[in-house]
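Contents: one structure, followed by commentary.
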Amino acid sequence: MRTQKQARRFGARASVLVLGLVAAGAVIAPASSASAAVPGLVRVTATSVSDSADFHSTTATCPAGKVLTGTGYELNGVTGEGVVDDFRPNGGVAAAPTAVTVGAYESDATALNWSATAYAICANPLPGLVRASTVGASNSLDFRSVVANCPVGKVLTGAGYELNGVTGEGIVDDFRPNGGPATAPTSAASGAYEEDVFAGNWSDTAYAICATA
């Protein structure tokens with residue numbers, strides 16, 4: 001049974017959508033609509049099988065010729081008993097991302113049938129689009145925080161995170177871009193707690209999807 005502290009941690013929504021494109025579009029072309037600033041914009045979804053297995057994973061892949069600019073996920077049917085462990089765009093410092101993978105565990109055993117849905121926000125190739133990442137320290141502390149920064153001269157369009165080694169016992173409490181109403185975001189921070197006391201070593205990785213400003 002969860003303590004009151006753990007219940008508060010777990011109270012985060014089971015659905016999240018990272019939409020940095022409007023801000024990025026405004027920076028690139030203030031007088032144009034987001035769709036004009038980011039041509040070919042579409043949303044792609046992929047849903048895992050719905051059953052009572054402990055782990056569900058699915059990958060949403062952009063259509064051929066498009067790149068990943070934003071991400072999202074949704075858990076269906078698990079009623080507060082699911083933890084998103086992986087929310088990971090592919091790509092790298094020299095390769096534009098084109099897909100996002102969502103992986104989720106049951107936080108407590110449940111006989112319910114449930115599924116995970118991944119959302120990929122895709123567009124025609126953007127100048128300088130890359131994926132940056134930062135891996136946090138691996139230890140047995142209750143809380144850890146890590147920040148992924150865009151390379152100099154680039155701005156944030158989307159983000160992701162990944163918990164490693166905690167297998168359903170970690171909760172992402174903070175998943176936060178920087179920036180503001182007049183400042184383009186350039187980094188994404190991820191902070192995670194243990195849901196229950198966990199003696200193993202684990203880490204948190206933050207991902208930033210970045211394009212030329």
Kindly indicate, with the supporting measurements, whether the criterion side-chain hydrogen bond (donor to acceptor under 3.5 Å, both in side chains) is fulfilled by Asn149 and Thr134.
CA-CA 8 Å; Asn149 293 292; Thr134 302; 5.5 Å; no
Let me see the working for Arg144 and Asn139 under side-chain contact (heavy atoms from CB on, under 4.5 Å), right down to the final yes or no.
CA-CA 9 Å; Arg144 68 271 336 286; Asn139 55 47; 2.7 Å; yes
Derivation and outcome, side-chain contact (heavy atoms from CB on, under 4.5 Å), residues Lys66 and Asn124
CA-CA 5 Å; Lys66 293 186 184 291; Asn124 295 347; 3.0 Å; yes
Under the side-chain hydrogen bond (donor to acceptor under 3.5 Å, both in side chains) rule, what do Glu194 and Trp202 come out as? Steps first, then yes or no, please.
CA-CA 10 Å; Glu194 294 176 358; Trp202 62 288; 3.1 Å; yes
Please determine whether side-chain contact (heavy atoms from CB on, under 4.5 Å) holds for the pair Glu81 and Glu106, giving the CA-CA distance in whole Å, both sets of side-chain angles, and the decisive distance to 0.1 Å.
CA-CA 6 Å; Glu81 298 294 341; Glu106 295 176 355; 5.7 Å; no
Are Asp174 and Phe143 close enough, and set up right, to give a side-chain contact (heavy atoms from CB on, under 4.5 Å), and what steps lead you there?
CA-CA 11 Å; Asp174 306 305; Phe143 175 74; 4.3 Å; yes
I would like to know whether Ser138 and Asn201 meet side-chain hydrogen bond (donor to acceptor under 3.5 Å, both in side chains); could you show each step before the answer?
CA-CA 6 Å; Ser138 179; Asn201 291 336; 5.0 Å; no
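Note that the OH atom of Tyr119 and the CD atom of Glu74 stand 4.0 Å from one another [nearest 0.5 Å]. Residue His56 holds its NE2 atom at 14.0 Å from CG of Asp86, rounded to the nearest 0.5 Å.
Two residues are said to be in side-chain contact when any heavy atoms from C-beta on lie closer than 4.5 Å; Leu129 and Pro97 meet this criterion. Side-chain contact between Asn90 and Thr98 is present, with heavy atoms from C-beta onward closer than 4.5 Å. Annotation: side chain of Thr157 is not in contact with side chain of Cys210 (no heavy-atom distance under 4.5 Å). Counting heavy atoms from C-beta on, the side chains of Leu163 and Asp85 come closer than 4.5 Å. Residues Ser48 and Ser57 fail the side-chain proximity criterion, which asks for heavy atoms closer than 4.5 Å. Residues Thr79 and Leu112 meet the side-chain proximity criterion, which asks for heavy atoms closer than 4.5 Å.
Val84 and Val166 fall within the same hydrophobic cluster, where Ile, Leu, Val, Met, Phe, Trp and Tyr residues are linked whenever their side-chain heavy atoms come under 4.5 Å apart, directly or through other members. Val172 and Val102 end up in the same hydrophobic cluster when Ile, Leu, Val, Met, Phe, Trp and Tyr side chains are linked at under 4.5 Å. Cluster membership for Leu126 and Leu41, using ILVMFWY side-chain heavy atoms within less than 4.5 angstrom, is shared. When hydrophobic clusters are built by joining Ile, Leu, Val, Met, Phe, Trp and Tyr residues whose side-chain heavy atoms come closer than 4.5 Å, directly or via intermediates, Tyr105 is not grouped with Tyr193.
Each of Ile121, Leu156, Thr71 was scored for a side chain to side chain contact (heavy atoms under 4.5 Å, CB included) with Ile209, with one residue passing: Thr71.
The shortest heavy-atom contact between Thr212 and Gly128 is OG1-CA, 3.4 Å. Here the shortest heavy-atom pairing between Leu68 and Ala99 reads CD2-O, 3.4 Å. Contact between Arg131 and Pro89 at its shortest, heavy atoms only, is NH1-O, 2.8 Å. The two atoms that bring Ser203 and Gly136 nearest to each other are CB-O, 3.7 Å, heavy atoms only. Taking each heavy atom of Ala60 and Ala118 in turn, the nearest pair found is CB-O, 3.6 Å. Among all heavy-atom pairs drawn from Ala111 and Ser52, the shortest one is O-CB, 3.6 Å.
In this pair, Tyr161 and Tyr73 present their aromatic rings perpendicular. The plane angle is above 60°, beyond the 30 to 60° band. Ring orientation note: the planes of Phe87 and Phe175 are nearly perpendicular, at an angle over 60° on the 30°/60° scale.
Formation of a donor-acceptor pair under 3.5 Å by the Lys154 side chain with backbone atoms of Thr186 is not found in this model. Looking at Thr101, its side chain never comes within 3.5 Å of a backbone N or O of Thr59 through a donor-acceptor pair.
Defined by atom type and a distance below 3.5 Å, a donor-acceptor pair is missing between the side-chain atoms of Ser50 and Asn113.
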